[in-house]
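Beneath this line is the structure, given in C-alpha cells, with notes to follow.
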Amino acid sequence: MLAFIGRRLLVAIPTILLISVFVFLLQQLLPGDPILAMAGEERDPATIEFLREKYGLNDPLPVQYFKWIGGVIQGDLGISLRTNQPVSELLLQKLPVTIQLAVMALIFAVVIGVPAGILSAVKKGTVVDYAANVVALSGLSIPNFWLGIMLILLVSVKWGLLPASGYTPPGEDLVRSITTMLMPAFVLGTALAATLMRHTRSAMLGVLKSDYVRTARAKGLYERRVILRHAFRNALVPIVTLTALLFGELVAGAVLTEQIFTIPGFGKLVVDAVFNRDYAVVQGIVLCTAVGFIVMNLLADAAYFALNPRLRKS
Amino acid sequence: MMRETILEAVNLRKHFRSGGGLGRTANTVRAVDGVSLEVHRGETFAIVGESGCGKSTLARLLMRLLDPTEGDVLFDGRSIAGLRGRTLRDLRRDMQFVFQDPFSSLNPRMTVGKLVGEPLETHSPELSARERRAKVAELLGRVGLRPEHAGRYPHEFSGGQRQRIGIARALASGPRLIIGDEPVSALDVSVQAQVINRLHDLKEEFDLTLVIIAHDLAVIRHMSDRVAVMYLGQIVETGPSEQVFANPRHPYTRALLSAVPEPVYGRAHDRMALKGETPSPSAPPDGCRFHTRCPFATEECRKRVPEMREMAPGQGAACHHAEKIAAEHGSPVAVTGSGRSEGAERRFAMYAEAIADRGA
Amino acid sequence: MTETAPPLLEIEGLTFGFRNQSANLVDGVSLTLGRNETLCIVGESGCGKSVTALSLMGLLPPDAVRIDSGTVTFEGETIDAGDFARLSRLRGDRMAMIFQEPMTSLNPAFRIGNQITEAVRHHRGGTEAEARERALEALEKVGIPAARQRLDEYPHQLSGGMRQRVMIAMALVNDPSVLIADEPTTALDVTVQAQILDLIADLQTRSGMGAILITHDLGVVAQVATRVAVMYAGRIVEIGTAQEIFEDPQHPYTIGLMSSVPRLTGPRQRLSTVPGLVPTPDGMPEGCRFSTRCPFARPTCREVPKLAPVAGEHHVACHYAPLETRLEAG
Amino acid sequence: MAHVSDPATADSVLDAKPENRVWKKFRSHRSAMLGVFLVAFFVIIAVAAPILPIQDPTATSWSAVRAAPSAAHPFGTDEIGRDVLSRLIWGAQASLMAGVVSVAIALCFGVPLGIAAGYFGGWTDTVISRCTEALLAAPFLILAIALAAFLGPSLGNAMIAIGLSATPIFIRLTRGQVIAVAAEDYVESAHAIGLPTRKILTRYIFPNVLPPVLVQATLTVATAIIAEASLSFLGLGQQPPAPSWGSMLNTAKNFLNQAPWMALWPGIAIFLVVLGFNLLGDGLRDALDPRET
Amino acid sequence: MLRKLSLTAILLGATAVGAQAQDLRIALQSDADVLDPDQSRTFVGRIVYTALCDKLVDITPELDLIPQLATDWSWNDDQTELTMQLREGVTFHDGEPFNAEAVAYNINRSQTLEESRRKSEVASITGTEVTGEYEIKISLAQPDATLLAQFADRAGMMISPAAAEEAGADFGLNPVCSGPFAFDNRVAQDRIVLTKFDDYWNADEINFDSVTYLPIPDNTVRFANLQSGDVDIIDRLAATDLEQAESASDIEVASAVSLGYQGMTINVGNGDRADSPIGENPAVRQALSLAIDRNALNQVVFNGAFAPGNQSFPPNSPWYDQDHPIPERDVEAAKALLAEAGFEDGVTVEVQAPNSPVPQQVMQVVQAMAAEAGITIEITSKEFATMLQDQSAGDYMASQVGWSGRVDPDGNIHQFMTTGGGINDSGYSNPEVDELLNNARTTTDTAERKQYYDQARDILVEDLPIIYLYHQTWIWGLRDAVSGFTPYPDGMIRLEGVSLED
C-alpha cells in the first residue's frame, strides 16, 4: 500500500511539472501589464523599469520559469505583486478558509446525497425515486452563483437570518464561523449533493443487481441488512472515489461561491489575482490546487485500495 | 490418409507481461509455451483444453491476430510472421476466424449485409455493389438465413443466427482455412447442434480446413478428425480424434474424458478424480506441468519435462509413464449402448427422419 | 419414493409472469421433492427453470413479477406462492440455494468466514465464536483444505471451484432440508464440475437432504438425478424418474434435446436438431407451446396437452404420446 | 443464462435498427421528452428572436429605468431602461451558442486526440494522456477564467476558453472508450477479415465510441452554458450591449434591492435550459445504454 | 436602536452585548494593496492610512490645508523654501519619537526608495535641513504650489524611520506610523485590523479600541452587511441603493462630491491609432460631447446622486470654470458639427471600457445617446489591467477612464494635458496649454492660478482630448449608532470624533 502510494507520487511528479509549465505559460500569455497597475496612477517610467527588473520580468521566459520553479522546489512560491506578501503565506492564510468551506459543503453533500441515492435506488421507479431525481437534476442545473445571489437576497437581506458574507475563523468564534459559512456551503454543496446522489443511485443499482446481493438475500437476511451491509459496502467504493474526485469541482465551484459571499479563500484569491495579473499568486494557486487535486486522486486510489480487499492483499 | 500440411506452428510461445512498471516486478503469463502442430489440408483439427490452458491465445497466434513471443507459423509453407500490407491482406483472405461470442463479435452498428459484405469489399474490390449484394444474399442462404436478413442488425437475431452471420462473414472472402474459437459453446444445446451440422456441411461444400478450439470434448469428438489436448500452454497429447478419445495416452486426457458426464442413465463411471485446479500460467510447475494434479505422478515427473512421444500411429503424448498407465488402466470411456428402450429408439428414429424431411 | 411418506416439498400449480407481459413465464408447474432425492429440472435458456427456483425462495422481484397462483408445501406447511414474506423466512434456513456464478456470488468486500457466520447468526442467533465454529465445520465438510485459514480470506483469493464450495458451505451451514442448485457447475471446468457434483451427492447422502438441480446439461442430469422434469417455455413437458426419462423419453422436445447432444461414445453420426427458436413471451403459441418447433405437430396441438401419466410416475404433456404407436397408428 | 429477465431478451426479434430502438426508447422516456421540450423551446425562441413581436433588446428608455414588470415590459426593464423580456429572448442565442459552440470545439479537439491516444497507444498515448491529466488537475473554471482573461473578454473568446477547458474531459472519455471498444471481439473480427486501419477506425471504433461521447457532449452543453454564464458573470463573457444571461446577472446583482426581477428571470432561464440539456443527456444515456431495458 | 435579529445573535445569546472593547467595522469596496505609504497606489489603501498614518498636513472638507503633524509652516519670499514647525510629543507606534530627523528621513525615502511611487509628487524638493528638533526646512528647485497638498496625502505620511530602515521594501507587511491606530494584522482580501494607539497625540478624539477594515467588493453584499449591522460604516454605497438606504430608519447616509472625474480619453496623438475621425477632428469630439445628456446619464446610472461634469474639476470646486457650464444636450448641433466636418453619414468610434458593471452601464448609455447624433460607438470591454496597457501604448481610439482626484488642482490636469505628461495617454500636445499649466504649477497665488486654469480650459473645451462626463459622489452608509462622521471630498474616512453608541 505504501509502495503503491510512493509509486503513484513518483508518477505524479511529471504531471505536476507539466502543470507548472502550463500555468506559467498561460500566465505569461495574459495581456495587460501588472507593473503598469503597480506603478500607481502616475506610472513613473523609472519606477516601472525598476519593478520589472525587481520581479525579473525582463528575463527571457525560460529563465523566469526556472527561477520560479527552482524557488517552488525550495518552498518559495514568490511574492504577490499586489500586496508584497509571500505567496506561500497567502496560500496558508487561504487554505483553511477554503478547506472549511469545502468540508462543510462536502458534509452537506454527503449527508443529503448518499442517503437520497440509496433510497432512490432501492425505490427505483417509484415516486420517491422520481422526486429524488428531479431534485438532484435541479440541483445540478441551478447556476450556483445565481443561487447564492438569491439566497443572499432572501435569507440575509429580506429575512436577516444569516450573515450575507464574510468569514470568521472557527478559532475566533466557532458558532459565527459556522453560521457565516452555512449559506456558501449550501450553495456549493447543492451541485455536489446532486452529483453524489446520482452516482450513489447508479452504483447502488449496479450492485443491487449483482449476484452476491442475491446470495445475501438467499441467506434470508433482512432487506435492510442486505442493502446497507452487502450492497452499500460495495457501492461505497465508487462513491468514496467519486467524493475525492469531486474535490476538483469543489475548488472550481468555490471560485464563484467565494466571489459572491466574499469569502477570502482560494477561489477569491485566484480570480482577483487573474484580474490584477498577480502572476506569482495565480501560478501558486493553480499549482497548489493541481497538487491538491492530485493528492485527492491519490487518496481516492488509496480509498479504493483500502475498500477493495482484492487489491489490499496483493 | 496423409495429406499435405496447410498450417504449421513451430515452437510457438506467447508470454504476456502484466502488472509491470515502476519498481514492481512484472508478472509473466506463459499463455502459450512451446506449441508445435500441423494442420492438414481438408481436415478438421481440434484444440481442446480447460479454461486458461492457452487455446484461445494459440488460435490468435495461428491467425496472426497476435504476434508470437517466439516461434513461427507457416501457412502453405510460408511464414506469416513478417507479412504486412498486401500479403497480410491475402493471408486474411485465406484464413478466417469465427468467434466464440456471437453477441460481441458483430459490430452492433452495421447491418448484416454490410457485415457479410465487408470482407468482399476488402478482398474483392472489383465487385460492383450489386454483385456484392448478390454474393451476400447467396452466403446468407448458405448459412441458413434469408437474403432479406441483410438489411437487419445483429441484435435482431438469436445467438444461433448470429453465429451463422459470423460464419457467413468468415466465408465471404473465400478462405481455405477457418479457425473457430469455441464456435458453439455459447449456444443452447438444440441450436448448437444446428450450427455443428451447418459447419460440417459448409466444410464439405467449400472444401475448407477447419481448426476448432473448444472445451467440450463431446463436441470435439463429433466434429474433428484430429485433436490436440492442451494443458497450461502446452500440447500434452495429439492424434486422430477417434483414437485419442477411445484410447487416451496422457493422464490429463484420461481425466478429462472420465470427467465428462454422458447423458445415458446408469452409466457406470470409472472416474479418474483430479485433485485441485489448474495452476496459474504465470507460475507453471517445474517438470511435467500436470504433475501437481496427476494421480500417477512420480519423482521423475516433478523434475523432468516429458517430451512428446509417438504412442501409436499419428498419436503422441507427452508423459513419462504413458505406456504404463495405459497398460494398467482401461479406457476411461465405457463403450455401451444407448441405454434406450425399444420404443424410445423408434421415437428417436422417427424424430431424426422427421427432422431430415424438414430439410433443416 | 413411497406413497406413504409425505414429500419434503410440494409445488402445486405455480403460475406467474412479468407484470408487463400477458404470457406466463411459468405456467402451471407442479413438482414434488422427497427426502434424499435429487430432482433435476432441465431445459434450455429461457424455459423458466431458474425463475421457478427463485420463486420457491421468494427471490423474484415483487415489483416486476405477478404471481397468479400456486402453493408451496414445505415440511407440511402450505404457503401461497405469492407470499414472499413467508417464503423468505425459510430461505437460508430450511431451504438454501446456490447459483451458477461462483465468481460473483460471494460478496467481494467481506471475508469468507464473515459471510458464512452471518447466515448462522441471522437464523440461529448465538455468539460470533459459536457461529465461527459452525462455519469452520461447514467449510471442512465441503472439503476446503486449511479451512480455518480460509475463514479469514476474501473471495478473490479463492479459485472458482473453491468459491463454489464456499457457496455450498454457506448454503448448508444451517442444515437445510432442501438445497436448490441453479446450474452450479456450468461456469466450471469439467474436471472441477465432477468434483462439485460428487460433493453435492455426498452431502446429500449424509444428511438426507432433498436437492433440486437446475441444469441444461443432460450429462449432468443422467449422472445425478433421481427424478427429472423437462421444461419448455414455462411448462413441464415431461417428468419422471431419471431412468424413465433417459431410457424411455416420450415428449418430442425431450427426444429432440437428446438427439442434439453430441456423445463421447457410440457412432459419430449427424446430429438431429430442434429446428427453430424458443418462442418469446409475447409470441407464445396457443396450445402446446412446442408445437411451432415440433416435427410431429398436428392441428390437435392447438389445444393444451395435459401432463398425463405414461407409466408409473412418468408423465408427459403430448397429445400423441407414445409417438410410435399414436402417430404411426393415426 | 439464468436471469429473470432472460425470456424477455433472449432470442427475441426486436424491431428495426438500433437507431430506431434507441429512438423508441428515448421517446418513451418522459423526462427526456421534457428535456427535448425545454431545449426546443429555447432554441425556437433564440432562432425566432428577430421575428418575434418584442422590443429592440438594446433600445433604451430613460424614462423607464429599472421599471418593475408592467404591461409594456412584462419582465420589467433593466438598469438602462431596456426590456428584460426581449433581452432574455435574445440572450438565449448567446447562451445556446456558447453551450453548443464550446462543446463543438471540445469535441473537435478532444475526440481525435482521444482516438489517437486510445488506438495507437505507446508514446502518442503517454504524451496526450499526461497533458490531459495535467490539464484536468487545474480546476475547469479557473482554467476557463485564465484562458478567457488571456483571450480578452468577449462571447467568442469565452466559448473558446470553455471549449478548450472542456477538451481534456473528452480526450479522456474518448480514449477510455476507444480502449474499451478496441478490446471488443467485433474489432478483432475486423482485424481478422483484414480491414485496413482507416476503416476500422471509421466503421468500428468511431461509431461505437460515439454514443457515450454524445451523451457527455449533451451534458457538457449544460455545463458550458453555466460556465458561459459564470464567465459573463465575472465580466469575461458576452459584452454589452448584446445580452447574455450571465452578463444580465452580472449587472443585475448590483440592483438586487431595487430590481430583483433583473436577476430572477435570467437565472430561471439558465436553470431551465440547463435542466433541459441535463434531462436530454440523461435520456440519451438511458436510451443508448444497451443494459437498461 | 433595534439591531436586526440575526441568527448569529440568537445563537450567541448573551455574549453579544457587554462592556467589551469597542470595535468599529468598516466595509471597503476593495482590498488595499501594500500598506507602505511610499509604495501604495490604491484608493482604499489611503482610507486605511487615514487611521494608521498621520500626515504632515491635513485638509478640511472645504479643502483648506490645516496642521496635523506639522503645526505651522511658512514659505520664503521666492517660494523655494518651506519651513515647517512640527508637533512635539508625538511618537511612532514602535515608540520611536517623531521629530525633524524623521521628516527628513521620510522625504528622503519617498525620493530614493526604488519602489517608491511618490517620486513625482516630491520631485520638486531638492533638499531638507533639520533646523531644530521640531523644525525642518525643505528647499525646492522652483516654486511648487502643489507640494503642501502632496503632504496632505501619502507623500506627507510619516513612518517610523527605525522600522522602515529595518524592513526596507517589506515595510508594508508590518507598517509602523504615528496615526491614531496601530497595525495589528491583515488577512489579504478579508480584513485589516488596527488597534488603538494609546500614546496618540490626539487620543481624546479617538473612541474605539480597534478598527477593522473589511473588503467587500459586491455593492449589494456590502449594503446587506450594513443593513444587518455586521458593519458600521460602508465605503461607496451604490448610488442606486441610496434611496433605500435613506428610507431605512437605522441607516444614515453621508456624501461628498469627489475630487476626481470620469470621462472618455480620446487618442488624439498617441501613435497610429490617433488617425481616426475622432482623433483627428476636434469637431467630432465636440459633436460627441454635445450628443451626451450628462444629466440624464447621471439620472439613469446613478439615480442623480453623482455630479455631471465637463471639466477636470467638479462644478462645486472653486477651480471650476463657470464660463463653461455643463453643455445642454443638442443633437441637432452635434449633427451639424459632424456634417460640417464631412461626416454626414456618421462616424464610428471604438471605445474601450473596463469590463465592470458601472463603466459598462455608462458606456451603454453614452452609446445610445451618441447613436441619435449619428455617432456609432463600439464598446470594447477589457480588463482594467489590459486596458491601461493598451491605453498607455496608444493602442486604442477612445477609452472610458477616470481619475481619483487630488487635493491640488494641478494633480487633476497637469500630467494629462501637458506635452509628454506622465499620464498623457491621449497624446495631446499644445504649447499654449503647456505654458499655462506650468505657470499654474509654479504660482502660489490662488487667484492667479485660477486664471491660468481658466485660460487653459478655454482651449481644452474646444480641443477636448478628454470628454468629461461626471464626477463621482462619495456616499457612505452608516449605522445610525455612528455619530460624528464628517464626509470629505477626498473620500477618506477620518475617525477623529466618530463614536458608536451601542
Distance, nearest 0.5 Å, that separates CZ of R268(C) from CE of M223(B): 10.5 Å
Chain B interface, residue from A225(C), C294(C), G256(C), P145(C) that has the most non-hydrogen pairs under 4.5 Å: G256(C)
With sequence neighbours left out, the residues meeting side-chain hydrogen bond (donor to acceptor under 3.5 Å, both in side chains) with T292(B) are none
Test item: E44(C) and S190(B) side chains (from C-beta on) under 4.5 Å apart, heavy atoms: yes
What distance do D248(C) atom CG and E345(B) atom CD have between them, rounded to the nearest 0.5 Å? 10.5 Å
Donor-acceptor pair, distance only, cut-off 3.5 Å: does the side chain of Q194(B) make one with the backbone of V274(C)? yes
S105(C) meets the side-chain hydrogen bond (donor to acceptor under 3.5 Å, both in side chains) criterion, sequence neighbours left out, with none
In Å, rounded to the nearest 0.5 Å, how long is the span from CG of N197(B) to CZ of R270(C)? 4.0 Å
Heaviest contributor of heavy-atom pairs below 4.5 Å to chain C, chosen from A349(B), A352(B), S51(B), is S51(B)
Check: R263(C) and V264(B) side chains under 4.5 Å, non-hydrogen atoms: yes
Does any part of the side chain of E247(C), heavy atoms only, come nearer than 4.5 Å to the side chain of R340(B), both counted from C-beta? no
So for F245(B), is it side chain, backbone, both, or neither that comes closer than 4.5 Å to the heavy atoms of chain C? side chain
Going by heavy atoms in the side chains, are H222(B) and V261(C) under 4.5 Å from each other? no
Do S260(C) and Q192(B) get their side chains close enough for a donor-acceptor pair, meaning under 3.5 Å? no
Less than 4.5 Å to any heavy atom of chain B: does that hold for the side chain of V221(C), its backbone, both, or neither? neither
Turns out that what part of I196(B) lies under 4.5 Å from chain C's heavy atoms comes down to side chain
Separation between CZ of R293(C) and CD1 of I355(B), rounded to the nearest 0.5 Å: 9.5 Å
Is the shortest heavy-atom distance from the side chain of T191(C) to the side chain of R293(B) under 4.5 Å? yes
Ranking A222(C), P322(C), P252(C) by heavy-atom pairs under 4.5 Å to chain B gives rank one to A222(C)
Flag the pair L323(C) / R346(B) as yes when at least one side-chain heavy-atom distance between them is below 4.5 Å, and no otherwise. no
Given the options L218(C), V190(C), I245(C), which has more heavy-atom pairs under 4.5 Å with chain B than any of the others? V190(C)
Can you tell me how the ring of F246(C) sits relative to the ring of Y265(B), calling it parallel under 30°, perpendicular over 60° and tilted otherwise? parallel
Using heavy-atom distances under 4.5 Å, tell me whether E342(B) contacts chain C through its side chain, its backbone, both, or neither. neither
Quick one: what part of Q243(C) sits under 4.5 Å from any heavy atom of chain B, side chain, backbone, both or neither? both
Heavy atoms, side chains only, cut-off 4.5 Å: are Q193(C) and P261(B) in contact? yes
Under a 4.5 Å cut-off applied to non-hydrogen side-chain atoms, are S272(C) and F348(B) in contact? no
Looking at T273(C), is its backbone amide N or carbonyl O close enough to the side chain of Y351(B) to form a donor-acceptor pair, meaning the two atoms are under 3.5 Å apart? yes
Heavy-atom closest pair (V260(B) atom, L264(C) atom, distance to 0.1 Å) is CB-CD1, 3.7 Å
